[in-house]
Amino acid sequence: MAWFQMITTLFLLAAMMLGESNAQLSASFYAKTCPNVSSVVRSVLQQAQQNDIWIFPKIVRLHFHDCFVNGCDASLLLNGTDSEKTAPPNLSTEGYDVIDDIKTALEKACPGVVSCADILALAAQVSVSLGGGPTWKVPLGRRDGLTAHRDGIGGIPSAHDSLANIAARFKSVGLDSTDLVALSGVHTFGRAQCAAFMDRLYNFNNVSGKIDPTLNATYAKELQQRCPKGGDATSLIDLDEQTSLSFDNKYFLNLQNRRGLLQSDQELFSTNGAETAAVVNRFARSQSQFFASFGKAMIKMGNINPLTGGNGEIRLDCRKIN
Ligand code: HEM
Ligand SMILES: *[C@@H]1O[C@H](CO)[C@@H](O)[C@H](O)[C@H]1NC(C)=O
Ligand SMILES: *[C@@H]1O[C@H](CO)[C@@H](O)[C@H](O)[C@H]1NC(C)=O
Ligand SMILES: *[C@@H]1O[C@H](CO)[C@@H](O)[C@H](O)[C@H]1NC(C)=O
Ligand SMILES: *[C@@H]1O[C@H](CO)[C@@H](O)[C@H](O)[C@H]1NC(C)=O
Ligand SMILES: *[C@@H]1O[C@H](CO)[C@@H](O)[C@H](O)[C@H]1NC(C)=O
């Protein structure tokens, strides 16, 4: 009996290790094959920011949209009829040309080595840190997928979803409610189109004339001026009215003042009985706790179903398979 148990245990242990090593990413993955990968990414992003001061948030968002559709496999970047980028609703992601520039620079420095999925993960980290946010060691070694998943973009949460739905979606990919609050804190930089929140100003829950009751009344008035009814719904509004170009914890102070721009942001603080409200308060008190949790959550998000080993490929052009 003891022998049987021991052998079973050993077998299970070996199976677990094997399973893990298949999916294991490592921060030193390119140490020998492309030691300069981080500084190449950083230098292209710094250059890009000279032309577009909003490039950092755009880049971070791409990693999220990649990982939430079929895992972090750069499927988001693929062109073609099955393309995720052009699938309705228009989620207005941008920054693809800068990802191309990073790929071009890396193909020069270390040809055929660095995957587009890893470029997204690294570029997201560098963008957060250049924007004033935390640094973390990015696990690397992802490979690029061979197919796009246009239908999968339904898996990206909408700003109009309830907190319960968004939390369930995050949980389904291994992200808990602290991760959800930390990751939502990325809306401390960047912008949103009026279309993303206008219902909160004019017809909340489809009731004509109704303003979202969780929206600060003075902020609602300001937003009504910036996004007039019948005006240009593609106008861009700062996600963090205080400091939308820098990565800090002001977002959480905004939520406490009911000044979150998206419904999905404000829900974290204003949903009755939600455990996320305490996390918002904690991050509002302590930027360093927010930063630490953010780095951890980004690593978890970057670990969603990566392709490793002999799966997928290293794309030479991020927009098409080899
Ligand atoms: C919790 C669920 C989330 C929802 C419902 C959501 C929704 C949105 C929406 C509606 C916008 C505005 C898009 C536009 O109007 O152009 C936006 C912008 C943005 N999102 Fe999220 N998001 C979520 C989570 C995340 C996560 C996890 C990240 C990255 C880690 C992220 C990164 C960004 C960034 C950086 C922007 C600004 C983009 C720019 O300035 O171009 N979001 N998000
Ligand atoms: C690493 O990349 C940076 C930025 O592109 C460049 O300035 C530097 O010369 C590179 N170093 C090496 C050893 O290739
Ligand atoms: C992908 O589509 C973009 C935009 O339509 C285009 O500029 C680019 O050349 C295409 N790239 C490939 C490899 O098909
Ligand atoms: C999606 O929205 C962006 C930003 O408003 C715009 O530049 C782009 O043309 C739109 N794409 C489509 C296919 O409607
Ligand atoms: C509002 O009405 C539109 C059109 O009738 C419908 O598609 C949408 O689901 C409704 N939204 C809500 C939150 O009830
Ligand atoms: C509305 O915003 C102002 C300015 O931030 C703040 O002083 C006030 O407390 C907010 N009101 C509510 C109900 O949160």
Side-chain angles (χ1 to χ4, degrees), residues 34-47 52-68 89-95 102 105-106 108-110 120-121 124-125 127-128 131 133 155-163 165-167 169-170 173 175 177 179-198 213-222 233-242 244-245 247 250-251 253-270 276 294 297-298 300-302 304:
C34 196
N36 209 16
V37 59
S38 294
S39 51
V40 173
V41 171
R42 172 176 288 257
S43 98
V44 176
L45 282 167
Q46 278 170 326
Q47 200 80 42
D52 177 3
I53 55 168
W54 296 103
I55 191 62
F56 299 151
K58 289 175 184 173
I59 295 293
V60 181
R61 192 168 178 231
L62 294 183
H63 184 42
F64 166 51
H65 282 214
D66 180 37
C67 292
F68 266 62
N90 181 356
L91 295 171
S92 63
T93 47
E94 290 176 15
I102 295 173
L106 283 173
K108 235 179 242 163
C110 2
L120 289 174
Q125 190 282 314
S127 295
V128 166
I156 296 170
S158 144
H160 301 100
D161 283 345
S162 68
L163 175 60
N165 282 347
I166 294 174
R169 175 64 190 133
F170 272 61
V173 290
L175 299 167
S177 61
D179 299 324
L180 168 59
V181 178
L183 289 171
S184 297
V186 80
H187 292 162
T188 177
F189 70 173
R191 297 173 299 175
Q193 297 185 13
C194 292
F197 56 85
M198 258 172 101
T214 68
L215 189 55
N216 187 302
T218 38
Y219 189 43
K221 285 211 184 79
E222 285 165 41
T234 66
S235 295
L236 292 165
I237 306 298
D238 291 358
L239 278 161
D240 167 3
E241 58 171 345
Q242 301 191 59
S244 218
L245 278 169
F247 196 103
K250 295 278 191 329
Y251 167 86
L253 299 156
N254 293 339
L255 298 190
Q256 290 179 324
N257 285 322
R258 302 171 181 242
R259 299 174 86 102
L261 185 62
L262 305 178
Q263 181 186 323
S264 53
D265 292 326
Q266 193 59 50
E267 282 170 349
L268 297 170
F269 182 74
S270 299
T276 47
F294 185 77
M298 284 294 278
K300 280 169 85 173
M301 187 178 88
I304 302 173

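All heavy atoms count here, side chains included; hydrogens, waters and symmetry mates do not. In each ligand, atom 1 is the first atom listed, and ligand 1 is the first ligand listed. Note that the structure is a prediction, hence the values are computed from the model and not measured.
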**Fill in**
For Lys58, the ligand 1 atoms with a heavy-atom partner under 4.0 Å come out as 41 (O)

**Request:** Check whether any side-chain heavy atom of Thr93 lies under 4.5 Å from a side-chain heavy atom of Arg61, and answer yes or no.
**Result:** yes

Report all N/O contacts between ligand 2 and the protein shorter than 3.5 Å as a table of atom names and distances to 0.1 Å; if there are none, say 'none'.
unit_1   : atom_1 : unit_2 : atom_2 : d
ligand 2 : 2 (O)  : Asn36  : ND2    : 2.4
ligand 2 : 5 (O)  : Ser43  : OG     : 3.4
ligand 2 : 11 (N) : Asn36  : ND2    : 2.8
ligand 2 : 14 (O) : Asn36  : ND2    : 3.2

**Asked** When you measure from atom 40 (O) of ligand 1 to every protein heavy atom, which one gives the shortest distance, and what is it?
**Response** Arg191 N, 2.8 Å

**For Asn216, atoms of ligand 6 separated by under 4.0 Å from a heavy atom** = 1 (C), 2 (O), 3 (C), 8 (C), 10 (C), 11 (N), 12 (C), 14 (O)

**Message:** Check this for me: does any side-chain nitrogen of one of Asp161 and Arg169 sit under 4.0 Å from a carboxylate oxygen of the other?
**Reply:** no

**Asked** Do any nitrogen or oxygen atoms of Ser158 come within less than 3.5 Å of a nitrogen or oxygen of ligand 1?
**Response** no

**Prompt:** Nearest to atom 2 (C) of ligand 1 by heavy atom, Pro157, Cys194, Ala167: which?
**Reply:** Pro157

**Asked** Thr93 near ligand 1, heavy-atom distance under 4.0 Å?
**Response** no

**Asked** Among all protein non-hydrogen atoms, which one is nearest to atom 30 (C) of ligand 1, and what is the separation to 0.1 Å?
**Response** Met298 SD, 3.9 Å

**Asked** Between Lys250 and Asp240, is there a side-chain N and carboxylate O pair less than 4.0 Å apart?
**Response** no

**Asked** Has Phe68 got any heavy atom lying under 4.0 angstrom from an atom of ligand 1?
**Response** no

**Item:** Phe170, portion touching ligand 1 at heavy-atom distance under 4.0 Å
**Value:** side chain

**Request:** Do me a favour and list the nearest non-hydrogen protein atom to atom 35 (C) of ligand 1 with residue, atom name and distance?
**Result:** Pro57 O, 3.0 Å

**Message:** Among all protein heavy atoms in this structure, tell me which lies nearest to atom 15 (O) of ligand 1, with the distance rounded to 0.1 Å.
**Reply:** Gln193 N, 2.8 Å

**Message:** Does only the side chain of Ile156 get under 4.0 Å from ligand 1, or the backbone, or both, or neither? Count heavy atoms.
**Reply:** neither

**Request:** Identify, by atom number and element, the atoms of ligand 1 in contact range of Leu180, meaning under 4.0 Å from any of its heavy atoms.
**Result:** 1 (C)

**Request:** Look at the aromatic rings of Tyr251 and His187 and report parallel, tilted or perpendicular, splitting at 30° and 60°.
**Result:** perpendicular

**Complete:** To atom 16 (O) of ligand 1, the nearest of Ala124, Gly302, Ser92 on a heavy-atom basis is Ser92

**Prompt:** What part of Asn257 sits under 4.0 Å from ligand 6 if we count only heavy atoms: the side chain, the backbone, both or neither?
**Reply:** both

**Fill in**
atom 12 (C) of ligand 1 sits nearest the protein heavy atom Ala192 CB, 3.4 Å

**Request:** Would you list the protein N, O or S atoms within less than 2.8 Å of atom 21 (Fe) of ligand 1, leaving out water?
**Result:** His187 NE2

**Item:** Sidechain-backbone polar pair: Ser39 side chain, Asn36 backbone, donor-acceptor under 3.5 Å
**Value:** yes

**Request:** Enter the distance from Ile156:CD1 to Phe64:CZ here, rounded to the nearest 0.5 Å.
**Result:** 6.5 Å

